Every structure is written in structure tokens, then in C-alpha cells.
Amino acid sequence: MSIRQPDQAALAEAAVALEAGRLVAFPTETVYGLGADAENPAAIAAIYAAKGRPSNHPVIVHLAPGADIGRWAREIPDAANKLIAAFWPGPLTLILKRAANVPAAVAGGQDSVGLRCPSHPVAQALLKAFRHGEGGLAAPSANRFGHVSPTTAQHVQDEFGAGPDSPLAMVLDGGASQVGIESTIVDLSRMDSHGPALLRPGQITAEQIAAVIGQWPGLGGTDAPRVSGALASHYAPRTPVVLVEGAALPALLDGLAAAGRRAAMILAGTGAAATPARSAVALPSEPDGYAQGLYAALRSMDNVGADVILVQRPPQDIAWLGINDRLRRAAHGSENTLNALGL
Ligand code: TXA
Ligand code: MG
């Protein structure tokens, strides 16, 4: 497995590998995806095996710009056409009723299918090269199950290894993902009974969706289609993550230092500086820049040997919803960390 620059030769090789049922990781504007032929159940099974992900979790099918949605979905509500016109290509996934010819494996056995047209030029070039632009690439985020999603080609290699044993044929390098968190997911597969539902918040907000379809998406109850990103603990580094108010940081840092503990910090804007005894990353104080850097920050702070990653709690307003959702999941299960460290 190697990291490849996405020139014509590499794209052609990637398309051949995918058509032969192999896995290729590729960049999207949100995070890197682990791609496989969406119409080949054995290739989809290879995704689940590589990720260590339960096979009842559906994966998103990525389509080239202008692809025929009718090949994948058997009902296309008006709201879907409006959202596609407004936000594709881009970081929005639509859940629709699955067409009969689409393998159930891609949907984790559900009657629906998740569709997205990515805007990243390398993703689009690959989708156009693969089956002349008429196929679909099933691609979950290219990380092992439950880990932080990758936003660079190097992150993908860190997840799956570079050796001959790697389950991937190659990783196409498209630079750092610009959006940085996974796509917004809207369920339109149950419009009659439930209306539109927001299954996963992302850069495209519920407010923007409401403005386009004239209706606020609901929050998808417990019987909503399964979304693995909706598991309580997801996107988690190995080091415990604790969310703290900015004002509480100085005292906490003093306490950790007094207890002989090493802290890592993720800050919004400027804040407590790194010292030899602690590490810090400062992310931008506006949500787009923050999201772009978040997963790289979690990965780097996971690798400094800290006892805890303290994350300064960002604002709670709607523009930060996707970010706060990912942070809450990263912090899940770490509630008792500070107690356990003697604070
Ligand atoms: O931004 C993204 O969406 C990235 C890039 C690679 O496109 N992909 C991504 O994939 O985040 P993944 O598998 O890590 O998360 C996809 C989510 C999952 O939570 C999955 O359950 C949901 O989409 N999903 C896919 N198809 C679905 C379906 N038919 N019904 C319900 N949820 C579905
Ligand atoms: Mg994922």
C-alpha cells in the first residue's frame, strides 16, 4: 500500500483496482473515505473487515457529479431534488429508499441508501474514472471503527499501515480535507410518516436545509435508520478527552501539574500556551476553521503521551452543532478522568 499523488496514472490504477473489488482510500472535502465498488458485495465486505466495523452499519455511496440518482434510489422526493440542487457537490448525504438492484450490503441490510456527491476534485476525478462515472463508491471514513476520522493521506496510512499486509491498494493524496468533519446526513426515506430528519449534523446546518425545503428537519427518533456516527462513543482518541470551560482551564492545569500529570489541550482562539510540561493546539475561533483542524488536533494531542486531553468547550450555538456533536462523542466514557487523576 502506498500514498500516491493523484495523477492520471494513479487515478487509472485506482479505478482498475476498485473495479477488481479492491479498496482505495481517497480524499473528500469532509474526511478521507475508504472506497469500494458499491455494487460488489464482496468489496463491501472487505470494507467492514478492514475497519473492524459491524456489517449491519450502512455506508454512504459516493456518486460522480450529474450521476443518475434513479439508479440508486427508488423514490426521489421533491425535497431531495431541492437539496441536491442547493448543496451537491458538497458535504451533504441524503438517505433515500434503496433501489431494488442496489446490494443490501451497502445499506447494512436496511431498505434505504445513503447518497452523496463530493466536491473534492480528486474524489470527482476518481468517480469519473471508475466505471466511466456510472458506478458508485461505497466509502465510510477511512479509519478503524470508533477511531478519529482521517483528514490527510498520512492519517489513513497511520490507521491501516503501509506494509504489504495493508487491506488497501493505495491512498490517493488530495491534501488536507477542507471541511474537516463528516457530511451532514438528512433522512428523506420516510417523508410520509416522519418528514425529513437530521441524522448527523455537519457543516451544512439544519437552518440551511430548512431554508431550501421549507421545513425544519426533525431529530430522527430511536427508530430512525441506524447511523454508526450516532453511537455514543465514536471519533474517540485513546487518551481520555474532557471538555472544560475556558475559565476553568488555568486552575485545572495547575492541579494536573501539582499531581504530576501531563495535559494536552485543544483551544479555540488563543489561550494557555504550551510549556515543556504540557502540549497545546490552538484552533481558529470560528467554526469552519475549527472543524477543519479538529481531527488533526485530536490525533496530534493523542500522540504526546498526555494523561488527558482538555478541550476548551466551544460556543453552543447552531453553527457549532456538528463540532459539539463530535466533541461530545470523543469525550464519551471519559467523565471520571479528572477524578481518577486526583482532581
Ligand atoms: O463525510 C462523510 O460522510 C464521509 C466521507 C468519506 O464521505 N463518510 C462518512 O462515512 O462519514 P461513515 O461510514 O463513517 O459514516 C456514514 C454514515 C454512517 O453513520 C452510516 O450509518 C450512515 O452514514 N448511512 C449510510 N447509509 C445509510 C442508510 N442507508 N441509512 C442510514 N444511515 C446511513
Ligand atoms: Mg466514520
Side-chain angles (χ1 to χ4, degrees), residues 23-36 38 44 47-48 50-63 72-74 87-99 102-120 122-124 126-127 136-151 155-156 159 171-172 174 177-190 194 197-204 220 223-236 291-292 295 322 325-326 329-330:
L23 305 181
V24 170
F26 62 95
T28 85
E29 69 278 21
T30 57
V31 300
Y32 275 63
L34 180 57
I44 296 164
I47 293 182
Y48 291 118
K51 281 188 65 104
R53 183 186 203 178
S55 61
N56 64 351
H57 287 198
V59 291
I60 295 171
V61 178
H62 296 69
L63 303 175
W72 301 91
R74 67 176 191 270
F87 298 116
W88 279 13
L92 176 70
T93 296
L94 299 179
I95 309 297
L96 300 173
K97 287 185 175 147
R98 177 163 54 87
V102 177
V106 83
Q110 303 184 70
D111 187 34
S112 54
V113 64
L115 300 175
R116 163 164 129 77
C117 176
S119 65
H120 195 293
V122 175
Q124 294 195 355
L126 180 65
L127 285 161
L137 290 179
S141 52
N143 53 277
R144 292 191 188 270
F145 186 59
H147 282 197
V148 178
S149 299
T151 53
H155 292 165
V156 178
E159 288 286 320
V171 183
L172 293 169
S177 295
Q178 260 186 5
V179 175
I181 59 172
E182 299 81 354
S183 60
T184 304
I185 302 181
V186 177
D187 179 20
L188 301 175
S189 70
R190 305 187 304 166
H194 293 72
L198 183 70
L199 300 189
R200 180 172 72 184
Q203 188 192 54
I204 294 171
D223 62 340
R226 284 187 302 274
V227 178
S228 73
L231 294 178
S233 87
H234 212 70
Y235 316 105
Q292 189 176 13
Y295 287 157
D325 169 77
R326 305 311 188 278
R329 296 178 204 289

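Model, not experiment: these values are computed from the prediction. Counting convention: from 1, in listed order, for ligands and their atoms alike. Positions are given from 1, in the same order as the sequence printed here.
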Would you say ligand 1 has an N or O under 3.5 Å from any N or O of [X]?
X: R116; value: yes
X: H62; value: yes
X: R200; value: yes
X: H57; value: no
X: E182; value: no

For Q292, the side-chain contact (heavy atoms from CB on, under 4.5 Å) test, sequence neighbours excluded, returns Q178

Please check if any side-chain donor atom of T28 sits under 3.5 Å from a side-chain acceptor atom of R116, or the reverse. yes

Is it the case that the side chains of E182 and S149 hold a donor-acceptor pair, with the cut-off being a distance below 3.5 Å and no angle test? yes

Can you check whether [X] reaches [Y] side chain to side chain, under 4.5 Å on heavy atoms?
X: R53; Y: V59; value: yes
X: H120; Y: P89; value: no
X: T184; Y: F87; value: no

Given that the side chain starts at C-beta and the backbone is N, CA, C, O, which of these parts of S141 lies under 4.0 Å from ligand 1, counting heavy atoms, or is it both or neither? both

For ligand 1, does V113 get within less than 4.0 Å through its side chain, its backbone, both, or neither, judged by non-hydrogen atoms? backbone

Below 4.0 Å from ligand 1: does a non-hydrogen atom of P91 turn up there or not? no

Mind listing the closest non-hydrogen atom pair of [X] and [Y] along with its distance?
X: T30; Y: P91; value: CG2-CB, 3.5 Å
X: I60; Y: L115; value: CG2-C, 4.4 Å
X: G136; Y: W72; value: N-CZ2, 3.5 Å

For [X], the ligand 1 atoms whose distance to one of its heavy atoms is below 4.0 Å:
X: R53; value: 12 (P), 13 (O), 18 (C)
X: G114; value: 26 (N), 29 (N)
X: S112; value: 28 (C), 29 (N), 30 (N)
X: G33; value: 6 (C)
X: I185; value: 17 (C), 22 (C), 23 (O)
X: S183; value: 1 (O), 2 (C), 3 (O)

Is N143 close enough to the Mg ion (ligand 2) that one of its N, O or S atoms comes in under 2.8 Å? no

Do Y295 and H155 have ring centres separated by under 6.0 Å? no

Residue selection (non-hydrogen contact nearest atom 25 (C) of ligand 1) among L94, N143, V59: V59

Of the choices P140, G180, S177, which has the non-hydrogen atom that lies closest to atom 10 (O) of ligand 1? P140

Donor-acceptor pair, side chain of K51 and main chain of A142, under 3.5 angstrom: no

